[in-house]
Protein chains: 2
Amino acid sequence: MSLEPLPGISTAEMVVQRIRDAILEGTLRPGDRLIEADIAAELGISRGPVREGIRLLAAEALVVLRRNRGAVVASPTFEDILEVYVVRKGLGSLALQHAISLDVATAPEFDDALVLLDRLRDPEVQGDPLLMMDADLAFQSALFDLSGLERITAVLDQTARDIPVFVRVLGITYDSVDHAALIERHDHLVEAIRTHHRDAALRAWDDHIRSTVGEFSRGYPDAQIERIFDLPLMHHILDYSSQP
Amino acid sequence: MSLEPLPGISTAEMVVQRIRDAILEGTLRPGDRLIEADIAAELGISRGPVREGIRLLAAEALVVLRRNRGAVVASPTFEDILEVYVVRKGLGSLALQHAISLDVATAPEFDDALVLLDRLRDPEVQGDPLLMMDADLAFQSALFDLSGLERITAVLDQTARDIPVFVRVLGITYDSVDHAALIERHDHLVEAIRTHHRDAALRAWDDHIRSTVGEFSRGYPDAQIERIFDLPLMHHILDYSSQP
DNA sequence: CTCTAGAAGATTGTCAACAATCTACGAAAG
DNA sequence: CTTTCGTAGATTGTTGACAATCTTCTAGAG
């Protein structure tokens with residue numbers, strides 16, 4: 001279980017991947033302590049890079065740090081994942097508006113996004129919920145990149161990395177997604193960007209967030225659905241922030 | 001020039017403060033390299049905490065990291081600071097909406113915000129542009145905290161830490177601010193939150209962003225003001241994202 | 001029986017030395 | 001004169017050991 005020094009990726013980043021994967025596959029669970037020495041030994045490296053990796057994970061909110069008391073795997077709540085979607089709704093709509101105002105439909109990066117969208121049509125991808133989620137988020141990320149707003153895309157990408165982990169940790173099942181409807185919404189979004197229809201694009205984006213969160217909420221096991229729909233955050237997604 | 005191990009703050013965080021201060025006072029300038037060994041020697045500590053501090057600064061976009069090639073002080077552009085304000089406009093409006101929907105006006109934290117607002121009326125604070133900026137941002141941060149949205153407030157606080165540095169580095173003069181008008185806008189905002197007037201609050205927030213950016217643009221020495229007002233980001237602040 | 005004080009162990013924080021990588025300078029070839 | 005290559009120096013990446021801090025367990029007082 002040792003790490004090869006792959007080119008193009010630092011040791012600390014490998015630690016990040018390993019720990020994130022361990023959370024995704026259930027080996028590490030919320031509240032588990034991350035002992036630097038143990039992880040270092042298991043990975044066959046020293047504590048330095050492990051420490052650095054843990055700090056990176058803390059910046060992504062996947063672990064929480066306590067001074068002189070180590071790090072533990074974060075315990076996200078359903079409200080946390082809703083907050084992630086509130087952020088994506090808000091910053092995503094900023095990025096999309098900006099991309100449209102830049103007339104990016106002719107840029108080569110636009111085609112990159114289209115290629116990523118096509119991956120969602122691949123039956124093999126559709127067969128694996130996790131693959132589907134990754135592909136979906138990668139497509140969205142490519143769209144946001146069109147804006148050229150690095151700070152905003154950085155935050156969006158961070159939320160995108162968190163989503164699979166949060167979903168896994170919360171025990172949300174992402175299975176019964178209507179793939180055809182999802183792709184259709186994305187097609188609308190792409191078409192709206194291409195034709196400079198700002199309002200249509202924002203509507204498509206809102207639709208997407210709304211359906212995705214609706215899907216999550218239905219698949220959430222802690223079945224107090226009524227309570228969830230009473231959360232202010234849920235109101236946020238359903239109502240007001242779309243028409244201030 | 002050595003560091004005392006103050007309680008409640010880690011060595012790495014002291015490194016962050018020192019470097020940030022050095023940028024603010026002009027000792028460190030954009031493009032300057034940050035040599036771990038040099039900084040460690042100057043501060044009388046070892047490279048470990050210095051390294052950690054530099055990574056923290058990189059997460060805040062104040063320095064840029066290049067693999068195996070060290071860190072340099074970031075060279076923000078005028079567009080970068082505009083992007084910061086686009087983020088604050090978007091996420092700030094989300095946080096404020098959320099705070100209002102929570103009926104926070106009765107919470108003790110609301111009074112904390114009021115106290116911070118009063119600091120802006122202090123003549124001594126008004127005398128020092130940097131103090132004024134800090135006090136203003138602290139007040140805004142207290143308002144955002146009312147939302148209880150930790151992820152969103154974390155991003156907002158990060159932008160707040162960047163603003164003084166960006167202003168300094170870009171050579172923006174923040175002198176001719178109309179303090180009375182600034183405070184009046186904030187009073188409107190507070191009153192709107194207290195009385196649950198969501199639209200009034202959002203309008204007050206938009207006003208604030210708009211005036212602040214207008215102020216910045218006027219005080220920007222690279223005097224191509226017309227060009228600045230043609231930037232898509234400026235359109236973003238002036239127009240469309242306020243009424244989708 | 002419960003609560004507090006203290007010592008032993010576990011774990012993080014820090015350090016200095018070593019290894020790997022990059023940069024800059026200069027010599028040789030074209 | 002320009003370009004390429006190679007070496008020396010500078011700097012980052014990594015490591016293992018030590019110091020400081022926290023946690024846990026036990027003994028004793030109440």
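Numbered from 1 within each chain, the chains take letters A, B, ... in sequence-line order.
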Write down the distance between [atom1] ([X]) and [atom2] ([N]), rounded to a whole number of angstrom.
X	N	atom1	atom2	answer
M14(A)	dT14(D)	CE	C1'	12 Å
L43(B)	dC15(C)	CG	P	11 Å
R67(A)	dA20(D)	CZ	C1'	14 Å
R33(A)	dT11(C)	CZ	C1'	7 Å
E52(A)	dT12(D)	CD	C1'	11 Å
E36(B)	dA20(C)	CD	C1'	14 Å
I45(B)	dG13(C)	CD1	C1'	12 Å
D38(A)	dG9(C)	CG	P	18 Å

**Request:** Would you please classify the geometry between the F144(B) ring and the W205(B) ring as parallel, tilted or perpendicular, with 30° and 60° separating the classes?
**Result:** perpendicular

Is the phosphate of [N] approached by [X] (side-chain N or O, under 4.0 Å from OP1 or OP2)?
X	N	result
R66(B)	dT21(C)	no
T11(B)	dT14(C)	yes
R51(A)	dG13(C)	yes
R69(A)	dT23(D)	yes

**Asked** Using a cut-off of 4.0 Å on non-hydrogen atoms, how would the nucleic acid contact of L34(B) be classed: base, sugar-phosphate, or nothing?
**Response**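 Sugar-phosphate contact only.
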
**Request:** Answer with base, sugar-phosphate or nothing: what part of the nucleic acid does R47(A) contact at a heavy-atom distance below 4.0 Å?
**Result:**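 Base contact.
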
**Message:** Quick check on DNA chain D: between G48(A) and I35(B), whose nearest nucleotide comes earlier from the 5' end?
**Reply:** I35(B)

Output yes when a side-chain donor or acceptor of [X] lies under 3.5 Å from a complementary backbone atom of [Y], and no otherwise.
X	Y	value
R88(B)	L156(B)	yes
D32(B)	R29(B)	yes
E83(A)	R151(B)	yes

**Prompt:** Do NZ/NE/NH1/NH2 and the carboxylate oxygens of R18(B) and E42(B) come within less than 4.0 Å?
**Reply:** no

**Item:** Closest listed nucleotide, where the reference is the side chain of S46(B) and the choices are dC15(C), dG13(C), dT15(D)
**Value:**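 Shortest atom-to-atom distance from the side chain points to dC15(C).
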
